[in-house]
**Student:** 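Handing you this structure, nothing more for now.
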Protein chains: 2
Amino acid sequence: MQHNAIQLPPLNALRAFEATARLSTLAAAAAELNVTPSAISHQIRTLEETLDIRLFRRANRRLSLTKDGRTLLPGLTDGFRRLTAAVAELEANQREGSLTISMLSTLAMRWFMPRLPRFQLEHPEIEIRISTTARTVDLEREDIDIAIRHGHGVWPSVHAEKLFQLETLPVCSPELPRPGTPLNSPHDIERHVLLHADARPDDWRMWLDGVGEPHIKASRELTFDTTDFALAAAIRGLGIAIADRHIIQDDLDSGRLIAPFETSISHDSGYYLVYPSKRASHPKSVAFREWLLREAAVG
Amino acid sequence: MQHNAIQLPPLNALRAFEATARLSTLAAAAAELNVTPSAISHQIRTLEETLDIRLFRRANRRLSLTKDGRTLLPGLTDGFRRLTAAVAELEANQREGSLTISMLSTLAMRWFMPRLPRFQLEHPEIEIRISTTARTVDLEREDIDIAIRHGHGVWPSVHAEKLFQLETLPVCSPELPRPGTPLNSPHDIERHVLLHADARPDDWRMWLDGVGEPHIKASRELTFDTTDFALAAAIRGLGIAIADRHIIQDDLDSGRLIAPFETSISHDSGYYLVYPSKRASHPKSVAFREWLLREAAVG
DNA sequence: TTTTTAATTGAGAAAATTTCAATTAATGTT
DNA sequence: AACATTAATTGAAATTTTCTCAATTAAAAA
């Protein structure tokens, strides 16, 4: 009926004995275990009674191990060392160890990855693992520590902190506007190819609504799985993509992309940093979140 | 201030987690630890809260380990296995292992040792160690499991069971009575050498008092440290020794010694089997005591 | 559908642990 | 030699931990 053939005596009594035997005095053991010597004395007595074996010889005012006590000690010391090591490993892992972060691939590629080296410089002890998926992941089930999600900041059983508001605008290669096919006003779009992302099918429509030209129709359209591909296509001069300002900022800065029009559309949704309430206080999680919020504030 | 850098979470919580993780269900862990599943559930919750780390994923009505839980488990399993092994070793030692028996050397040589092989046949798993000393030993201090003591059966903090009453009688070599120096009545002793033992200086006087001849004086006297030596001398024909009937029985049976007179003196003291109350119930101790009492009853 | 199985929860009960204050006894100190 | 110190022990009471019970949720099996 019982998996372990032998029934262990009370664990705390074993620990009290182990500490006392190792340190030779009740006082020292008591200090190690944060209790009074009296408590230790009671525990040892309990253990001796449970086992029905005398472990210490009480001579003068000093304790010395009996043969049985000497038999028992090393195994216990070793056992408790193991337990301590196991817990210590877990806690070290908590402080340092790896941090798994989930986000959509476009954000990972265009915004997160370029910034990541700065975090790794600040916290070389934290190993980052990036998990990119299209769907919204269950943080608990997938062992995700932190996620960046797009939405309105309301999800069940997680904490959410806003990184930035979504703000989309058209971009294209600097080579795209040519003398015959300029891009000076939204109307010029009609002579160009519009690049769409399946994941965000409404971005173009919302932008055109925003500039007051809902009826503009492009000469051709191209659709990709993700914004990431649409942007890659834009860089290669295949047409005009539309994406969030944060995501394209680096490409704009480097000149790979230009924003032919001033107008950007502010959405009511945004990118949120999301994490399970349970892991909110873990040092590596806190460090990462603070860093990410700083990065988001910069741009 | 603290020897162990890390403070262990409650040991019972660790054990509850370990069992549950190893056996996959609360019910199984509860059975192993002889508690209800509810208790296990509380313990695991306590552990998770103490560590501030989620160890199980609660999906459906099934538990599965998180990455952290998987990190923690093997170390704990190992640690508890070691603790269990240490205690098991001690308990096996208690059942079998060695049994240290203290007694005076004469008794050991002349009464105990000849009988010992029979015990070893019955209990080959118990290793006997015989400790012979002249003085009365402190059982606790010397790690003695059982002693055979001479006295009146009253000693502090030990159990005592009577083996046999002391009953002394004179013995000598069968060669000793010669035509010129017979041994037919106590008076004949005057023509012989009396062999004494320092440890029991009054035995001869008490015997002579007992036979109503307190004034008999031997031609010569020889004194040894112990009765054992006196008997060895008697066997070699050096004179007449006096000793307890049980001790010399084997020598009488084998014909090495004879008892020239019928009269033996019953003393009010005797040999007692003595053991610390604390070890009274240990199987190997019980087995030995039962055997020894049987042997003593036979003779 | 109903029944069973598994885990969880909260409250109260039970058990274990700890402290406190008093005691014993040996060791240093003056 | 008297006195203060140090160490362990003890019993009773207080505290904390652990456990059970009964109720609840929810999925799986019949």
Side-chain angles (χ1 to χ4, degrees), chain A residues 2 7-51 54-66 69 80 83 138 140-141 156-157 276-278, chain B residues 2 7-51 54-66 69 80 83 138 140-141 156-157 276-278:
Chain A
Q2 187 105 357
Q7 180 82 341
L8 274 178
L11 291 170
N12 290 319
L14 287 177
R15 186 162 52 165
F17 163 75
E18 192 277 334
T20 308
R22 176 161 43 76
L23 303 169
S24 315
T25 73
L26 290 191
E32 176 167 313
L33 301 178
N34 285 323
V35 291
T36 58
S38 173
I40 301 285
S41 179
H42 283 300
Q43 288 283 31
I44 292 176
R45 181 133 314 238
T46 301
L47 180 59
E48 289 183 323
E49 273 162 21
T50 312
L51 293 172
R54 174 118 318 179
L55 298 168
F56 282 114
R57 224 173 351 244
R58 276 83 169 168
N60 308 339
R61 57 174 185 170
R62 180 152 274 116
L63 295 171
S64 61
L65 285 168
T66 61
F80 284 117
L83 296 183
D138 177 335
E140 284 293 323
R141 180 182 299 274
S157 72
S277 325
K278 287 288 164 191
Chain B
Q2 183 101 3
Q7 179 81 343
L8 275 178
L11 291 169
N12 290 319
L14 287 177
R15 185 162 51 166
F17 165 74
E18 192 277 334
T20 307
R22 177 163 41 78
L23 303 168
S24 316
T25 73
L26 290 193
E32 176 167 312
L33 301 178
N34 284 322
V35 291
T36 58
S38 172
I40 302 284
S41 179
H42 283 300
Q43 288 284 30
I44 291 175
R45 182 133 314 241
T46 301
L47 180 61
E48 289 183 324
E49 273 162 20
T50 312
L51 294 172
R54 173 118 319 177
L55 298 167
F56 281 114
R57 224 172 354 240
R58 278 84 170 166
N60 307 338
R61 55 174 187 171
R62 182 154 271 118
L63 296 171
S64 61
L65 286 168
T66 61
F80 284 117
L83 295 184
D138 177 334
E140 283 293 324
R141 183 182 298 273
S157 72
S277 325
K278 287 287 163 191

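Lettering follows sequence order; numbering is per chain, from 1.
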**Student:** I'd like to check A/Leu65 versus A/Phe56 (side-chain heavy atoms, cut-off strictly below 4.5 Å). Are they in contact?
**Tutor:** yes
**Student:** Distances for protein N/O vs nucleotides 25-30 of chain D N/O pairs under 3.5 angstrom?
**Tutor:**
| from | atom 1 | to | atom 2 | distance (Å) |
| --- | --- | --- | --- | --- |
| D/dA28 | O4' | B/Arg61 | NH2 | 3.1 |

**Student:** Given atom CG of A/Asn34 and atom C1' of D/dT17, what is their separation to the nearest angstrom?
**Tutor:** 17 Å
**Student:** Starting the side chain at C-beta, find the nucleotide from D/dC19, C/dT18, D/dT9 nearest to A/Leu26.
**Tutor:** D/dT9
**Student:** Without decimals, in angstroms, what is the distance between A/Ile40 CD1 and C/dC20 P?
**Tutor:** 15 Å
**Student:** Between D/dT17 atom C1' and B/Leu14 atom CG, what is the distance in whole Å?
**Tutor:** 15 Å
**Student:** Give the rounded distance in Å between these two atoms: CZ of B/Arg57 and P of C/dA7.
**Tutor:** 15 Å
**Student:** Counting only side-chain nitrogens and oxygens, does B/Ser41 get under 4.0 Å of the OP1 or OP2 atom of C/dT8?
**Tutor:** yes
**Student:** With a 4.0 Å cut-off on heavy atoms, is A/Ala27 in touch with a base, just the backbone sugar-phosphate, or nothing at all?
**Tutor:** sugar-phosphate
**Student:** Applying side chain to side chain donor-acceptor pair (under 3.5 Å), can you list everything that pairs with B/Arg58, at least two apart in sequence or on another chain?
**Tutor:** B/Glu48
**Student:** For the side chain of B/Ala39, starting at C-beta, report the closest nucleotide among D/dT18, C/dT19, D/dT20.
**Tutor:** D/dT20
**Student:** So A/Thr46, base contact, sugar-phosphate only, or nothing? Heavy-atom distance under 4.0 Å.
**Tutor:** nothing
**Student:** Enter the distance from A/Leu11:CG to A/Leu83:CG here, rounded to the nearest 0.5 Å.
**Tutor:** 8.5 Å
**Student:** Kindly say whether A/Thr25 contributes a backbone atom to a donor-acceptor pair with the side chain of A/Thr20 at under 3.5 angstrom?
**Tutor:** no
**Student:** Quick one: A/Glu49 CD to D/dT9 C1', roughly how many Å, whole number?
**Tutor:** 13 Å
**Student:** Using a heavy-atom cut-off of 4.0 Å across all strands, would you classify A/Leu63 as base, sugar-phosphate, or nothing?
**Tutor:** sugar-phosphate
**Student:** How many whole angstroms separate atom CD of A/Glu48 from atom C1' of D/dT10?
**Tutor:** 15 Å
**Student:** So which heavy atom on A/Leu14 is nearest to which on A/Leu47, and how close?
**Tutor:** CD2-CD1, 3.7 Å
**Student:** Can you tell me the distance, in whole Å, between the CG atom of A/Leu47 and the C1' atom of C/dT17?
**Tutor:** 14 Å
**Student:** When you measure from the side chain of B/His42, which nucleotide among C/dA7, C/dT9, D/dT10 comes out closest?
**Tutor:** C/dT9
**Student:** Mark yes or no for whether A/Thr50, through its side chain, and A/Pro9, through its backbone, hold a donor-acceptor pair below 3.5 Å.
**Tutor:** no
**Student:** Please give, in whole Å, the distance from D/dT17 C1' to A/Gln43 CD?
**Tutor:** 12 Å
**Student:** Think B/Ser38 has a side-chain N or O under 4.0 angstrom from the OP1 or OP2 of D/dT20?
**Tutor:** no
**Student:** Can any side-chain N or O of B/Ser41 pair as donor or acceptor with the backbone N or O of B/Pro37 at less than 3.5 Å?
**Tutor:** no
**Student:** Select one nucleotide: of C/dT17, C/dT8, D/dA12, the one nearest the side-chain heavy atoms of B/Arg58.
**Tutor:** C/dT8
